Amino acid sequence: FPAILKTRRFGYDGKGQINVADASLLEDAYTRLGNAPCVLETRVNFQRELSLVAVRALDGEIRCYPLVENVHVNGILSLTLAPAEVTPLLAAAAERCARRVAEALDYVGVLAIEFFDVAGQLIANEMAPRVHNSGHWTIEGAVTSQFENHVRAVAGLPLGDTAANGLSCMLNWIGDLPDRNRALTVPGLHWHDYGKGARAGRKVGHATIVRGDAAAMAQALTALGRDLGRDAMVAPVIDALSA
């Protein structure tokens, strides 16, 4: 302790989990989670969250997208920067994990694994056996999107190239959509509206920006944050890009 009590299934976006300071609070937390089967996890002091999207074909071929960095707000993915700034050793370690999992499960299709980066060591945090929110950048930012590669895999078709087209930033619109016309004034911004009604904590759409280098990305995000009143949202990534 301190720890986090999580429901074993159906948890997402900060739902199905409660922070527990000490053992005396466990029973109450368990009741609040509906007495569902749970996992108790020690809190990890990590520097950042990284995730890897991989795809495995029917013939066993595996391809991995670049490791990406995620920023969360209130337990919900706020934005993803792809590729992440990581060492080749860290990238290779993440790919080895994804390959071992996919092969052990004889998995076919796209899956994602989230990792905590703890002083250059990876600790697996979550696995999603499906296309994943942190892979939405691949629609415009990779040679072949995660969605296309999922279809290719399950249909027995050759897998597509998973290389990045440049530097991408995917921004989730949570709760409600910002001003679309203002957002689209950013050159090269790609707008995705999920057609969902506004609701607190709900992902209702996303946008992706693709640029050739860090300086151009920082400039685009600065303009987007200013024009949409989302400076706080993009600030962590701008700081990382400028470091």
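The structure displayed is predicted, hence computed values, not measured ones. All values below were derived from every heavy atom in this structure, side-chain atoms included, with hydrogens, water molecules and symmetry-related copies excluded.
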Counting N and O atoms only, with roles assigned by atom type, does the side chain of Tyr194 sit under 3.5 Å from a partner on the main chain of Lys203, one being a donor and the other an acceptor?
-> no
Any side-chain donor-acceptor pair under 3.5 Å between Asp161 and Thr144?
-> no
Ring geometry between Trp191 and Trp173 (parallel below 30°, tilted from 30 to 60°, perpendicular above 60°) = tilted
Considering only NZ, NE, NH1 and NH2 on the basic side and carboxylate oxygens on the acidic side, decide whether Glu148 and Arg152 come within less than 4.0 Å.
-> yes
Say whether, by atom type as modelled, one donor and one acceptor occur between the side chain of Asp22 and the main chain of Phe1 under 3.5 angstrom.
-> no
Backbone N or O of Ser145 within a donor-acceptor pair of the Tyr65 side chain at under 3.5 Å?
-> yes
Are there more than 12 heavy atoms of other residues, nucleotides or ligands under 6.0 Å from atom CZ of Arg99?
-> yes
At what distance, to the nearest 0.5 angstrom, does CD of Glu103 lie from CZ of Arg56?
-> 6.0 Å
Donor-acceptor pair, Thr162 side chain versus Cys64 backbone, under 3.5 Å?
-> yes
What orientation do Phe46 and Phe116 show, parallel under 30°, tilted 30 to 60°, or perpendicular over 60°?
-> parallel
Could you tell me whether Glu27 atom CD has more than 12 heavy atoms of other residues or ligands within 6.0 Å of it?
-> no
Got Val53 and Asn149 here, is their nearest side-chain heavy-atom distance under 4.5 Å?
-> no
Are there more than 12 heavy atoms of other residues, nucleotides or ligands under 6.0 Å from atom CD of Glu41?
-> yes
Heavy-atom count around Asp59 CG within 6.0 Å, excluding the residue itself: above 12?
-> yes
Ignoring hydrogens and angles, tell me if any N or O in the side chain of Asn172 forms a donor-acceptor pair with the backbone of Leu77 under 3.5 Å.
-> yes
Considering the options Gln146, His206, His192, which one meets the side-chain hydrogen bond (donor to acceptor under 3.5 Å, both in side chains) requirement together with His136?
-> Gln146
